[in-house]
Amino acid sequence: DGKDGVQGHGKCDYETVFTNAKAGMDNVDKDYVRDMVYEMSKNSKFFVNEQQKNQQSDERNKRLKARVEALTQAELNSACQIADRFIDSEDDGRDLSRTFVHVDMDAFFAGIEILKNPDLANVPFGTGSLAMLSTANYEARKYGVRSAMPGFIAKELCRKPSPRSNLKPAELLFVGNYRHGEYSHVSKQIMKVLEGFDPHIKRAGIDEAYLDVTDYMKKHDMTPTQVADKIRSTVENTTVTFLQHPTPAAGLTCSCGVAPNRRLAKICSDIRKPNGHYILPPSRDAILHFVSTLPIRKVNGIGRVSERMLQHVYGVTQCGQLLEHRAAICASLRPLTWKWLMGVGLGL
DNA sequence: TACATACAC
DNA sequence: TATGGTGTATGTA
């Protein structure tokens, strides 16, 4: 019924779980996916529990918002001064001298399965179970299937694709998780290769890593583009070598983000996914422009709860707005929290 | 210390 | 039929 547009209880709340865009899902009929997820979820215990949690966070947000609205002009002014001092000093200390790369494997588990059995590339499949998928291949993503989606819902999305799409009904294939040992093994090999670019590489989960390539670039006299291309081809070549499959045409691909710090590099690696790279130049202007309209949810560390809080309490949906609302944010959140958020707004 | 919440993969 | 398992960080009693 058309009444659930407001907040708190309808499918509009629930949609945030699976409709935020993932790579390869640009042409997905998001409304259709949202409705399907809602229809298949609405009577479950899980759904009720989710709504309860949303309601609790809404109440917390309301209390916080009341506190913000009760702030006096004097309090806001003094908070603004404190925030400004902090922001200036952070901005002064901005380090643009180093180059970081975030390397993110494309549909990692699915990619390995395709190398094992190339026929899988042309049919929609996911790794995991009817209860939960850990990865979907790009064929499945066309139907709106994505990681962390319950398999039974994914299956239904493939069986009954959106009438507004030109997708043919398909049977989603499930590949069980029995090869997890191999996934870890492949991951270790990739990390080893990446250490050639930075011996102090930071792993982030099984299929991601942060590299500081400053020294590597200097030593080999390379541009950011050259480094990103080299990393991508090296990863692809090594995976094709040690995964020995029947038709050794291509290995696993990855995407890279290049930026003056890890936080920005991570965001950049998602932009040209799959099998691409994006470079954010090391200039203050470029960075401030980049973050000004960047949705806060893209930032690592801002999840469902923080997104709702910033939106409902301060009206902030983009990183740049964090700076505009610095007075209220500084006056109402803990020091560690508001300082972290100002760093996000500055693209630090 | 122990438990709870948020977040990420 | 059916919505994970694990690790990290931070906050709170």
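Just so we're on the same page: letters track the sequence lines, and every chain starts at 1. Heavy atoms only: backbone and side chains are in, while hydrogens, waters and symmetry mates are out.
The aromatic rings of A:His180 and A:Phe109 sit perpendicular, their planes meeting at an angle over 60°, well past the 30° parallel limit.
For DNA chain C, if you chain together Watson-Crick or G-U pairs that step i with j, i+1 with j-1 and so on, the runs of at least three with distances under 3.5 Å are B:1-9 with C:5-13.
With C:dT3, B:dA6, B:dA8 as the choices, the nucleotide that has an atom nearest any side-chain atom of A:Arg297 turns out to be B:dA8. Distance from the side chain of A:Val305 is smallest to B:dA6 among B:dA6, C:dG4, C:dA2. The side chain of A:Asn300 has B:dC9 as its nearest neighbour among B:dC9, C:dT3, B:dA6.
Protein atom CD1 of A:Ile153 is 11 Å distant from nucleotide atom P of C:dA2, rounded to whole Å. Remark: P of C:dA2 and CE of A:Met149 are 18 Å apart, rounded to the nearest angstrom. If you measure from atom CZ of A:Phe152 to atom C1' of C:dG4, you get 13 Å, rounded to the nearest angstrom. B:dC9 atom P lies 17 Å from atom CD1 of A:Ile112, rounded to whole Å. At whole-Å resolution of the value, CG in A:Asp207 and P in B:dA8 are 15 Å apart. The distance from atom CG of A:Asn43 to atom C1' of C:dT1 is 14 Å, rounded to the nearest whole Å. Spacing between atom NZ of A:Lys45 and atom P of C:dA2 amounts to 9 Å, rounded to whole angstrom units. Rounded to whole Å, the distance from CE on A:Met132 to C1' on B:dC9 is 12 Å.
Between A:Asp212 and A:Arg262, no side-chain nitrogen of the basic residue sits less than 4.0 Å from a carboxylate oxygen of the acidic one, so the salt-bridge criterion is not met. A salt bridge is absent between A:Arg203 and A:Glu208; no separation between the charged side-chain nitrogens and carboxylate oxygens falls under 4.0 Å. With respect to A:Arg98 and A:Asp215, a salt bridge is recorded, a charged nitrogen being found less than 4.0 Å from a carboxylate O. A salt bridge does not link A:Glu59 with A:Arg63: every distance from a Lys NZ or Arg NE/NH1/NH2 to an Asp or Glu carboxylate oxygen is 4.0 Å or more. A salt bridge is absent between A:Asp31 and A:Arg164; no separation between the charged side-chain nitrogens and carboxylate oxygens falls under 4.0 Å. Salt-bridge formation is detected for the pair A:Lys53/A:Glu50: a Lys NZ or Arg NE/NH1/NH2 atom is positioned less than 4.0 Å from an Asp or Glu carboxylate oxygen.
Between A:Ser41 and C:dT3 there is no side-chain polar atom (N or O) within less than 4.0 angstrom of OP1 or OP2. Proximity of A:Arg308 to the phosphate of B:dC7: no side-chain N or O atom is located under 4.0 Å from OP1 or OP2. When the side-chain nitrogen and oxygen atoms of A:Arg60 are compared with OP1 and OP2 of B:dA6, one or more of them lie within a distance under 4.0 Å.
Heavy atoms of A:Ser306 sit under 4.0 angstrom from primed sugar atoms or phosphate atoms, though from no base atom. Within the 4.0 angstrom heavy-atom criterion, only backbone atoms of the sugar-phosphate kind lie near A:Val299; the bases stay farther away.
A side-chain hydrogen bond (donor to acceptor under 3.5 Å, both in side chains) with A:Asp106 is found for exactly one of A:Asn275, A:Thr253, A:Asn137, namely A:Thr253.
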Every protein N/O lying under 3.5 Å from an N/O of nucleotides 9-13 of chain C:
| unit_1 | atom_1 | unit_2 | atom_2 | d |
| --- | --- | --- | --- | --- |
| C:dT12 | OP1 | A:Arg334 | NH2 | 2.3 |
| C:dT12 | OP2 | A:Arg334 | NH1 | 3.4 |
| C:dT12 | OP2 | A:Arg334 | NH2 | 2.9 |

Practice task
Output, in order, the C-alpha distance, side-chain angles, deciding distance and verdict of side chain to side chain contact (heavy atoms under 4.5 Å, CB included) for A:Leu157 and A:Met149.
Solution key: CA-CA 11 Å; A:Leu157 281 170; A:Met149 180 180 270; 3.9 Å; yes
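Look at the C1' atom in both B:dC7 and C:dG4: the space between them is 15 Å, to the nearest Å.
A donor-acceptor contact shorter than 3.5 Å links the side chain of A:Thr214 to the backbone of A:Thr99.
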